[in-house]
Amino acid sequence: MAYNLSEGSLQVIMNGGHYDKPVMQVLGSKKIQGSGANEKYRLLVSDGRHSYSFAMLAIQLNDKLITGELSDYSVVQIDRFVTSLLKNTGKGEKRVMVILDITILAPGSQVGKKIGNPQTLTDESSASAAPAPAMQPVPKPTPAPQRTMPVTTTNLDSSILSSQMTHPIASLSPYQNKWVIKVRVMNKSPIRSWSNARGEGTLFSMDLCDETGEIRATAFKNECTKFYDMIQVDKVYYISRCQLKTANKQFTNLKNDYEMTFTSETVVAECMEEASSVPTIKYDFQPISEIANKTPDSLLDVIGVCKMASDLQELTARNTGKQLKKRELTLVDSSGGAVTLTLWGTEAEKFDVNSNPVITVKGARLAEFNSSKSLSCLASTMVRYNPDLPEAHKLRGWYDQGGANMDIVNISAKSGVYTGGSNEWISFADAESRQLGSGEKGDYYSLLGVVTFLFTDNAVYKACPQEQCNKKLVDQENGLFRCEKCNREYPNFKYRLLLAANVSDPSGDQRVTAFNETAEAMLGRPAADIGRMFEYDKNSYLELFEEVKFKTFVFKLRTKMETYNDEARLKTIVMNAQPVDYKDANAKLIKSIQTMTGVEL
DNA sequence: CCCCCCCC
């Protein structure tokens, strides 16, 4: 019987390339460290053309070798493997393959011989290119020298560790505990304390990654104190002897089924050598336009350009009474979506409002409020500004070359209290002929309209600082402001918008009023910013209004006949103003053409 | 062993 080995695959793999599920023959194996449950084996494998001895068997596959299922001359399909470049004690780098999963296609006893005449593959990345040492083609469990792990971080020579085989994150599991990982710290939380029925203490957690995956590690109490200062974001460490357990996906979106806990046995040593092969961070970016379809409370990775930023806002948490600081950023990307990202605390304070950085967030929580979705940073969320990433440079290019002016759909747009009405677009002429607004209750309708004029006078006012009260304040000219509704004076106020505008469509036009949230959506800036501009930078204020003129929105309007001074007149309020989603707009237009013409398009 | 992460 002939066995087809994947000839040439080893050369591809050892040059750092990928080869999908190569078929190889095992020509030998050798125990290189540990004993009992912690044994580790090195294999001599052949693809028929070359043989290579720096193939490691992941510990979970040891059984196959020990039981004899996997033996010399076995033909196997390597379903999953990783390779990594290792420092080879002064002789440059050596690429090692770690076999994570195999299917045995034919037992060694059936094959019974070496297939072909494979030549030893020399390590091409190494100048010395020493041939791999030959191994006996018979598994002889020889007592390998026991590797003793230093237990403390003091006097730990990291070169000892680096000369050893490190284990890929992807192969860690609770069923093996003898490993060393070489990982970069992606994120480190602040120290936090807890107190509950099961006890109290301090902890911090960190997110780690290597070429094969990522994992969260948490250090409690003694380990928290011992390692907090040492562990630094972006640095690479050798870590061993942690406890692994199943990760709770509710609190992390790292791609790993497990997480680890530091124990008193845990060893951490900084990697002092060049370690650029260990990646800096792993993202699973979601296009902003897709965020609206995600489940609330899920943790997402997003990249976007900060198109606008609110002022710093201070507020009191309702449940805890804690003083909070927040800043809301609007992120846009080339998907045509926009989303609000809320920063908290010092992250909010230190944000430079005069910049439009590319921002990456990893593990931001999708929040839902009043049926609009936004992102909120948690303590565990990684936020980076203008990171040196291909995606970031691409997005910067998009933004600077017109993306900044692109019409966007803000999935976080506040929808006000609007609930009624049809989503069908009608025209002002339709609204008139249907006599909308003549009834007791008022009528709702939607249309595609252009803002043709904005009244800049009285568009922003100083409102009562009380949460539920938006009453315009009377300036007492003594540093205090009086609210007639609350019947008291305040030293502070909040800006609110009350925007009057004209909206036109091809059939006519209508004077409309937009209250705070909808006016913010139309003007594209928070009321606080607009108030500040009105007060201190009138030119920018007027410019902003000029920019919005002739912008098109999908309006949801509420219209009702009201009587002023014996004169009945239609009052139309903007319930919602959304930038145009042209894909959706075109579908609606095509549908209405079909309805009108009866022609299938 | 945490897992709170805030506000409209």
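Naming: A, B, ... by sequence-line order, numbering from 1 per chain. Just so it is clear, the values below take in all heavy atoms, side chains as well, and ignore hydrogens, waters and symmetry mates.
- We find that CG of N516(A) is positioned 11 Å from C1' of dC8(B), with the value rounded to whole Å.
- Using the six-membered ring where Trp is involved, Y495(A) and F493(A) have ring planes that are perpendicular, over 60° apart on the 30 and 60° scheme.
- At whole-Å resolution of the value, CD in E314(A) and P in dC6(B) are 18 Å apart.
- Atom NZ of K322(A) is separated from atom P of dC6(B) by 10 Å (rounded to the nearest Å).
- Within residues 192-200 of chain A, the residues approached by DNA chain B to less than 4.0 Å at the level of any non-hydrogen atom are R192(A), W194(A), N196(A), R198(A), in residue-number order.
- For dC3(B), its base sits under 3.5 Å from the side chain of E259(A) at one donor and acceptor pair at least.
- The residue T381(A) sits apart from the nucleic acid: no heavy atom pair falls under 4.0 Å.
- Taking 4.0 Å as the cut-off between side-chain N and carboxylate O, D311(A) and R532(A) count as a salt-bridged pair.
- Near-neighbour residues of DNA chain B inside residues 524-531 of chain A, defined by a heavy atom below 4.0 Å, are absent.
- Comparing dC2(B), dC4(B), dC8(B) by their closest approach to the side chain of A379(A) singles out dC4(B).
- A 4.5 Å side-chain heavy-atom check between T261(A) and F220(A) finds at least one atom pair inside the cut-off.
- Take D207(A) and apply the salt bridge (Lys or Arg N to Asp or Glu O under 4.0 Å) test, not counting sequence neighbours, and it matches R216(A).
- Every residue meeting the side chain to side chain contact (heavy atoms under 4.5 Å, CB included) condition with P279(A), not counting sequence neighbours, appears here in chain and number order: C209(A), E211(A), K282(A).
- Considering only residues two or more places apart in sequence or on other chains, L366(A) meets the side chain to side chain contact (heavy atoms under 4.5 Å, CB included) condition with I291(A), K294(A), S298(A), L300(A), K373(A), L375(A).
- A search for salt bridge (Lys or Arg N to Asp or Glu O under 4.0 Å) contacts involving K326(A) returns E328(A), not counting sequence neighbours.
- Between R216(A) and dC2(B), a side-chain N or O to OP1/OP2 separation shorter than 4.0 Å is absent.
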